[in-house]
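This report refers to the structure that appears directly beneath it.
What you are looking at is a predicted structure, and each value in this text was computed from that prediction instead of being measured.
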Amino acid sequence: MGLDKKPTLYDYWTRHPVLHSSFAPKVIGRESFLSILAFLPINDNATFVPHGQPDHIPIQKIRPFVNHLNAKFKEVYQPQREMCIDEAMIPFKGRSRFKIYMKDKPTKQGFKLYELCENSSG
């Protein structure tokens, strides 16, 4: 949906020859998608601070989900003694404010991550 923009959400499942999308109907039905969309709130939009305003956090809408994942990762995984920090690029050519461009890397554009790696588990 980020690559193939349609005027409305329902247009991804239309059979109209001009607006027809072959991908979305094969992956999930319209009613199933709308049910998931309706019942999967991640954050309260009443507390959202718009881009460009003071106190804006880019991942504010998914912050509770990220905090939950971080807490679960800390419960499940205990790192060993020998570790290193590595830099990685996840290839991405779409639109995102988190995307960066690094001309000297094999993967020139995408998301830059710092990975904490350990010797025993890889």
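Within a 6.0 Å sphere centred on CZ of R15, heavy atoms belonging to other residues, nucleotides or ligands number 12 at most. Counting non-hydrogen atoms of other residues, nucleotides and ligands closer than 6.0 Å to OH of Y77 gives a total above 12. Within a 6.0 Å sphere centred on CZ of F92, other residues, nucleotides and ligands contribute more than 12 heavy atoms.
Across every non-hydrogen atom of L116 and I85, the tightest pair is CD1-CG1, 4.1 Å. Nearest heavy-atom pair across V49 and H56 is O-ND1, 2.7 Å. The two residues M89 and T107 come nearest to each other via the heavy atoms CE-O, 3.5 Å.
The shortest distance between side-chain heavy atoms of E87 and M102 falls below 4.5 Å. Side-chain contact check for L9 versus L34: some heavy-atom pair is nearer than 4.5 Å.
Under a 3.5 Å cut-off, the side chain of E118 and the backbone N or O of P79 do not form any donor-acceptor pair.
In this model, no donor atom of one side chain and acceptor atom of the other lie less than 3.5 Å apart for K99 and Y101.
One finds the CD atom of Q60 at 13.0 Å from the NE2 atom of H51 (value rounded to the nearest 0.5 Å). Distance SG/C117 to CD/E82: 13.5 Å, rounded to 0.5 Å. The CG atom of D11 lies 13.5 Å from the NZ atom of K5; values are rounded to the nearest 0.5 Å.
In this structure, W13 and F33 have tilted ring planes: the angle between them lies in the 30° to 60° band.
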Take F98 and F111 through the ring-ring contact (aromatic ring centres under 6.0 Å, His included) test and state the conclusion after the steps. CA-CA 6 Å; F98 301 114; F111 301 117; 7.1 Å; no
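Cluster annotation: I36 and Y10 are assigned to the same hydrophobic cluster (Ile/Leu/Val/Met/Phe/Trp/Tyr, side-chain heavy-atom contacts under 4.5 Å, transitive). Connection of I62 to I57 is established within a shared hydrophobic cluster, with ILVMFWY side chains joined at heavy-atom distances below 4.5 Å, either directly or through further cluster members.
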